[in-house]
Amino acid sequence: MSDVRVRFAPSPTGVLHLGGARTALFNYLFARHNRGKFLLRIEDTDKERSTDESTQAIISAMNWMGMHHDEDIVVQTTRIDAHRAALHKLIDNGHVYRCTCRPEERAAEREAALAAGKTFIHRCDCRDGQCRPDAPFVWRFRMPREGETVFDDLVQGHIVTANAEIEDLVIARQDGSPLYNFVVVIDDAFMGITHVIRGKDHLTNTPKQIQIYRALGLPVPQFAHLPLILGLSKRLRSAGVEHYRDQGYLPEGLINYISRLGWSHGDQEIFDYEEIIEKFDLASVNRSEGALDLQKMEWVNQQHIQKCDGARLAELVLPFLSREGVAVAPDDPRLRPAVETMRARAKTLVEMAQNMKFYFIADEGLPLDGDAVAKFFTDTTCPLLHQMADVLTAVGEWKEEAISAAVHGFIESTGLKLKDVAQPARTALVGRAAGPGLYETMAVLGRESTLARLRRAAPGLC
RNA sequence: GGCCCCGUCGUCUAGCGGUUAGGACACCGGCCUUUCACGCCGGCGGCACGGGUUCGAGUCCCGUCGGGGUCACCA
């Protein structure tokens with residue numbers, strides 16, 4: 001047991017997209033690796049955009065990925081009293097001042113400065129107490145003007161920021177409500193966070209927050225800023241975790257891929273969950289951002305499909321089968337063996353369901369691929385398939401070995417080669433020219449369906 | 001534009017002063033094979049550029065170029 005405490009702090013304003021999922025994951029991995037705590041905080045201070053549905057969606061996505069948080073969820077809006085108390089503390093010790101500058105004026109100045117190629121940093125006389133007496137005001141934090149703020153980021157390294165470049169940021173609005181850079185400090189301190197692991201887009205917030213920690217007399221945590229995910233369309237990048245779930249990814253496949261994006265352990269590509277936890281290390285996290293590669297993501301997923309426990313895989317593929325329009329009972333005896341024949345042939349559960357649905361479709365309703373029929377259902381092959389069916393009626397126990405023996409016997413009696421009948425037979429059984437091995441297909445299909453499908457073969461049938 | 005970060009095959013990466021620059025995905029061949037896959041073997045392909053430092057630089061320093069982030073009374 002260590003004292004490591006980390007948190008994932010999403011705003012409930014949408015789905016959990018891949019970037020957020022990876023931030024959560026790295027926090028989770030770091031916590032578990034160090035036997036520390038992984039906490040969840042909902043940053044809902046933006047009331048306009050925050051929704052309960054969003055909170056639920058994020059939690060459910062995290063659960064699907066197996067990231068379960070410790071302790072109670074902290075909801076930021078319930079912490080308003082603590083935020084107010086902290087503000088008063090800063091007022092009392094002189095770290096903040098009232099500013100009556102009007103935002104519209106400032107915005108204009110900012111744009112002018114930007115257009116002129118200069119840095120705009122808010123500077124006004126309010127800092128020296130020269131405010132308009134009865135005007136509405138915000139609270140600004142009094143940043144030091146001299147020196148620099150330094151911290152050692154666990155990923156990004158030694159980060160130095162000149163204090164003169166840090167603005168006196170607003171920490172409370174005119175209506176008194178506190179702003180992000182202020183509350184995040186208070187709440188992280190309250191939750192006892194030891195390591196703040198977040199996206200690199202927060203890097204420039206960090207020196208501001210460090211100054212606030214100091215002004216409040218709070219211990220400054222360690223920081224680790226993760227490289228962002230690039231590549232792919234904005235749409236795909238911002239797609240939620242559930243989108244990938246619906247595309248047929250296994251949670252461990254998604255986790256494996258996402259964790260390897262920016263982190264590595266030598267040359268190893270495939271990790272199961274426990275292994276990542278065991279080997280995860282912030283020091284091995286890259287500084288440069290990486291791009292999503294769907295093809296590799298699918299390959300990683302395929303590797304996990306191959307490793308997946310059969311019973312679990314069968315259970316996972318069921319909803320995808322029903323989405324394909326075939327209702328299969330969970331206890332259907334064909335399900336498990338069917339899954340085994342598809343395991344090496346599917347990158348996703350969607351693909352698996354599409355490729356294995358032929359097993360469960362009524363024999364007379366099996367759709368046949370036109371090209372395959374044209375090529376393999378001929379005047380010579382179809383009679384052979386019917387004869388093969390007759391031979392197969394004599395098979396005793398309907399098992400792969402017995403079927404194989406029977407088919408081979410039939411082949412020899414006709415003086416043909418297996419390849420002369422294999423593809424026609426596959427077309428009859430599967431509906432197209434690609435599929436699992438002939439005998440295993442027949443074994444899973446059962447005697448009745450096998451015979452019916454073989455006997456149905458006729459030139460031009462579609 | 002200011003400030004900050006980054007820059008090894010198309011992509012993800014190993015490398016932490018001396019390597020024929022390694023692996024993975026993708027791609028192209030081949031093997032296996034009743035098809036499709038899986039698997040196996042082989043190939044293609046990279047240190048952004050320019051200066052230094054050093055006996056020696058992908059590795060260290062500077063510059064250039066390129067990419068990203070950030071500059072709210074959002075989070």
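In this text the structure is predicted, and so the values were computed from the model without any measurement. Below, chain A is the first sequence line, B the second, and so on; all start at residue 1.
- Pair assignment for U59(B): none, as no Watson-Crick or G-U wobble contacts are both less than 3.5 Å.
- Following rounding to the nearest Å, D293(A) (CG) and C9(B) (P) show an atom-to-atom distance of 14 Å.
- Spacing of P atoms, G30(B) relative to U35(B), comes out at 15 Å, to the nearest Å.
- Residue contacts for Q306(A): at a heavy-atom cut-off of 4.0 Å it reaches the sugar-phosphate backbone alone, with no base atom in range.
- The distance from atom CD of E440(A) to atom C1' of U33(B) is 13 Å, rounded to the nearest whole Å.
- Residue contacts shown for P227(A) are absent, as no nucleic acid heavy atom lies under 4.0 Å away.
- Checked against F280(A) for a ring pair (Phe, Tyr, Trp, His ring centres under 6.0 Å), the options F30(A), F271(A), Y273(A), W263(A) give a single hit: W263(A).
- Summarising the geometry, the separation between NE2 on H225(A) and P on C6(B) is reported as 14 Å, rounded to the nearest angstrom.
- Nucleotide C71(B) has G1(B) as its partner under the Watson-Crick or G-U criteria, with both atom distances under 3.5 Å.
- Within a heavy-atom distance below 4.0 Å of RNA chain B, no residue of residues 349-357 of chain A is found.
- Every residue two or more places apart in sequence or in another chain was checked for a ring pair (Phe, Tyr, Trp, His ring centres under 6.0 Å) with Y97(A), and none qualifies.
- On the C1' atoms, U20(B) is 25 Å away from G7(B), given to the nearest whole Å.
- Of the candidate nucleotides A24(B), U34(B), G69(B), G69(B) has the atom lying nearest to any side-chain atom of L228(A).
- Nearest nucleotide to the side chain of R260(A), out of U13(B), U34(B), A24(B): U13(B).
- When K200(A), H202(A), R287(A), R198(A) are each tested for a side-chain hydrogen bond (donor to acceptor under 3.5 Å, both in side chains) with H225(A), only one passes: R198(A).
- With a 3.5 Å ceiling on both atom-pair distances, A14(B) lacks any Watson-Crick or G-U wobble partner.
- Pairing for U54(B) is absent, judged as Watson-Crick or G-U wobble with the two contacts each under 3.5 Å.
- The shortest side-chain heavy-atom distance between S50(A) and P12(A) falls under the 4.5 Å cut-off.
- One interatomic measurement links the two molecules: CG of N286(A) to C1' of U11(B), which rounds to 14 Å at whole-angstrom precision.
- At most 12 heavy atoms of other shown residues, nucleotides or ligands fall within 6.0 angstrom of atom CD in E146(A).
- Counting distance only, with no hydrogens placed and no angle test, the side-chain atoms of Q268(A) and the base atoms of G23(B) include no donor-acceptor pair under 3.5 Å.
- Spacing between atom CD1 of I166(A) and atom P of C4(B) amounts to 12 Å, rounded to whole angstrom units.
- For the pair K419(A) NZ and C36(B) P, the computed distance is 13 Å after rounding to whole Å.
- With W139(A) as the fixed residue, the side-chain contact (heavy atoms from CB on, under 4.5 Å) test singles out one of V170(A), L179(A), I91(A), L90(A): I91(A).
- Nearest-nucleotide positions on RNA chain B place D267(A) closer to the 5' end than the other of A433(A) and D267(A).
- In this structure, CD1 of I270(A) is placed 15 Å from P of U13(B), rounded to the nearest angstrom.
- Nucleotides C44(B) and C36(B) are separated by 26 Å at their C1' atoms, to the nearest Å.
- In terms of modelled atom types and a separation under 3.5 Å, the side chain of H386(A) and the main chain of R455(A) share a donor-acceptor contact.
- Using a 4.0 Å heavy-atom criterion, one finds that Q302(A) contacts the sugar-phosphate atoms exclusively.
- Using a 4.5 Å heavy-atom threshold, the side chains of S11(A) and Y180(A) count as separate.
- In the set C5(B), G69(B), U35(B), U35(B) carries the atom at the smallest distance from any side-chain atom of A434(A).
- Side chain of A291(A), nearest nucleotide from C5(B), C12(B), G7(B): C12(B).
- The side chain of Q295(A) lies closest to A26(B) when the candidates are C6(B), G23(B), A26(B).
- Which of G68(B), G39(B), C12(B) sits closest to the side chain of E289(A) comes down to G68(B).
- Across the strands present, C65(B) finds its partner in G7(B); the criterion is a Watson-Crick or G-U wobble pair with both atom distances under 3.5 angstrom.
- Comparing G266(A) and V160(A) by the nucleotide of RNA chain B whose heavy atom lies nearest to each, the residue mapping closer to the 5' end is V160(A).
- Side-chain N or O atoms of R447(A) include one that pairs as donor or acceptor with a backbone N or O of L392(A) at under 3.5 Å.
- For a distance-only test at 3.5 Å, the side chain of R345(A) qualifies as a donor-acceptor partner of the base of C36(B).
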field: Contact state string [nucleotides 70-75 of chain B, B base, S sugar-phosphate only, - no protein heavy atom under 4.0 Å]
entry: SSSBBB

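- Contact annotation for L261(A): backbone-only contact, meaning every heavy-atom pair under 4.0 Å involves sugar-phosphate atoms and none involves a base.
- Heavy-atom minimum distance, T149(A) versus Q211(A): OG1-NE2, 2.7 Å.
- Pair assignment for C27(B) gives G43(B), based on Watson-Crick or G-U wobble hydrogen-bonding distances that are each under 3.5 Å.
- Shortest non-hydrogen contact noted between P207(A) and T161(A) is CG-OG1, 3.5 Å.
- A donor-acceptor contact under 3.5 angstrom links the side chains of Q268(A) and E275(A), judged on distance only.
- Taking the C1' atom of each, C60(B) and C47(B) are spaced 15 Å apart, rounded to whole Å.
- Taking the P atoms as reference points, U64(B) lies 39 Å from A24(B), given to the whole Å.
- When the C1' atom is compared between C9(B) and C28(B), the two are found 15 Å apart, to the nearest whole Å.
- For R426(A), no side-chain nitrogen or oxygen approaches OP1 or OP2 of U34(B) to under 4.0 Å.
- For the P atoms, the distance linking U53(B) with G29(B) amounts to 49 Å, nearest Å.
- For K296(A) against A26(B), a side-chain-to-base donor-acceptor contact under 3.5 Å is absent.
- Nucleic acid contact for G262(A): sugar-phosphate only, since backbone atoms but no base atoms lie under 4.0 Å from a heavy atom of the residue.
- Counting any heavy atom pair closer than 4.0 Å across all strands shown, G435(A) reaches a base atom.
- Between the CD1 atom of I121(A) and the P atom of G1(B) there is a distance of 18 Å, rounded to whole Å.
- Smallest separation of non-hydrogen atoms from I270(A) and H304(A): CG2-NE2, 3.9 Å.
- For C25(B) and G39(B), the P atoms lie 8 Å apart once the distance is rounded to whole Å.
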